[in-house]
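Only one structure is covered here, and it is reproduced in the block below.
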Amino acid sequence: MLKPRIFSGVQPSGNLHIGNYLGAITQFVALQNNYDCIFCVVDLHAITVLQDPDSLRKRIIEVARLFLTAGIDPKKSIIFQQSDVPAHAELSWILNTVARMSDLKKMTQFKDKSGREEANVSAGLFAYPVLMAADILLYETEVVPVGDDQVQHVELTRDLAKRFNHQFKETLTIPKAKILKSGARIMGLDDPTKKMSKSAESEYSRIELLDEPSVAMKKIMRATTDSGSEVKYDYKNKPGISNLLTIHSLLSGKDIKTLEKEFVNKGYGDFKKAVANEVKLFLTKFQAKYNEIDDIDARKILDDGAKRARPIAKKTLKKVKEEIGLN
Ligand code: TRP
């Protein structure tokens with residue numbers, strides 16, 4: 001039986017944090033058995049904003065090592081670097097001729113990222129969702145696991161594929177978004193009303209996967225809490241404590257109700273110490289595994305992944321070019 005195809009991407013920009021890990025990467029791991037998975041380090045997306053070349057090179061390998069550390073198995077899934085498969089850039093150009101300015105102007109991520117600086121933002125950032133559509137459509141993807149902030153881009157991908165199929169022949173598979181579990185939505189430590197982010201200015205807003213455990217513990221101790229003193233999940237009134245409860249629960253495997261009981265009559269201080277401890281345990285174990293994978297092995301896995309991805313992508317691109325009249 002053929003398993004349905006999954007495609008998802010992670011940008012090698014900024015340092016990955018526990019929000020990326022718990023909210024996306026660990027969920028990818030669980031999908032490997034029931035789907036035919038392709039996970040991509042989307043470096044061409046990363047350069048839509050200016051990147052330092054040496055850091056970018058380093059981060060591409062880091063993301064691959066993080067995938068492997070988390071348990072993505074290159075025997076089951078394909079892991080590769082986007083720019084190693086030229087079909088992404090090619091199909092993206094072609095889809096730029098299918099997408100309309102008005103489609104792209106609606107994208108909330110573009111509006112957020114460009115802000116009032118629109119004139120100084122790269123054309124690549126504007127066309128970012130089209131490249132994402134190319135990623136997805138090249139592999140006849142059926143399911144795209146993404147955070148809720150990316151659903152609009154998957155909707156656009158569906159629209160572009162339908163428009164193409166309508167203008168030409170039925171060529172492209174229409175994908176569906178699979179929204180990653182929201183229970184795993186980790187918020188910023190300094191501002192628990194905003195999602196934990198790679199690009200938030202303050203380092204104290206996030207726990208990075210490669211943070212020194214002692215530094216990470218300090219970040220938890222400094223995390224914003226709420227008024228009152230009761231350790232209770234109530235996101236509306238206690239976003240800070242609720243976020244810390246989520247983090248503890250995901251790392252320790254204890255459910256939130258159990259944790260609430262454990263901390264009855266104990267203050268925020270004791271609770272934070274317990275969360276800091278869980279974070280330390282997790283990072284120590286995670287980093288020991290991470291350090292066992294070296295850069296050379298990770299590079300080989302990406303190269304091998306690109307070799308497997310190329311023929312799949314080429315086949316779709318060939319069909320598309322034929323339909324349009326390019327060959
Ligand atoms: N835009 C996605 C993000 O920032 C990353 C991405 C690029 C992606 N290409 C993709 C996700 C294709 C899913 C499918 O999270």
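Because the structure is a prediction, the values reported are computed rather than measured.
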Could you go step by step and tell me if D303 and R299 meet the salt bridge (Lys or Arg N to Asp or Glu O under 4.0 Å) rule? CA-CA 6 Å; D303 291 346; R299 184 70 258 167; 3.1 Å; yes
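- Annotation: cation-pi geometry not satisfied between R5 and Y139 (NZ/CZ under 6.0 angstrom from ring centroid, within 45° of ring axis).
- Side chain of K198 to main chain of H17: no donor-acceptor pair is present (N/O by atom type, distance under 3.5 Å, no hydrogens or angles).
- Panel note: side chain K113, backbone V49; no donor-acceptor pair is recorded below 3.5 Å.
- In this structure, the side chain of D226 engages the main chain of I241 through a donor-acceptor pair within 3.5 Å.
- By the 30° and 60° cut-offs, the orientation of the rings of F164 relative to F168 is tilted.
- Figure legend: cation-pi geometry between K272 and Y268 absent, as NZ or CZ is not positioned both under 6.0 Å from the six-membered ring centre and within 45° of its axis.
- To the nearest 0.5 angstrom, I38 atom CD1 is 4.5 Å from I78 atom CD1.
- A perpendicular orientation is assigned to the rings of H248 and F263, their planes being inclined by more than 60° (bins at 30° and 60°).
- With rounding to the nearest 0.5 angstrom, the CD atom of Q32 is 11.0 Å from the NZ atom of K75.
- Proximity of a side-chain donor or acceptor of R65 to a complementary backbone N or O of A298 within less than 3.5 Å is not detected.
- Ion pairing of K254 with E278 is absent here, as no side-chain N (NZ or NE/NH1/NH2) approaches a carboxylate O to less than 4.0 Å.
- Looking at N291, its side chain does come within 3.5 Å of a backbone N or O of Q287 through a donor-acceptor pair.
- Atom NZ of residue K105 and atom CZ of residue F126 lie 6.0 Å apart, to the nearest 0.5 angstrom.
- Note on ring orientation: taking the six-membered ring where Trp is involved, the planes of F67 and F39 are tilted (angle from 30° to 60°).
- The two residues F28 and S8 have their closest heavy-atom pair at CZ-OG, 3.4 Å.
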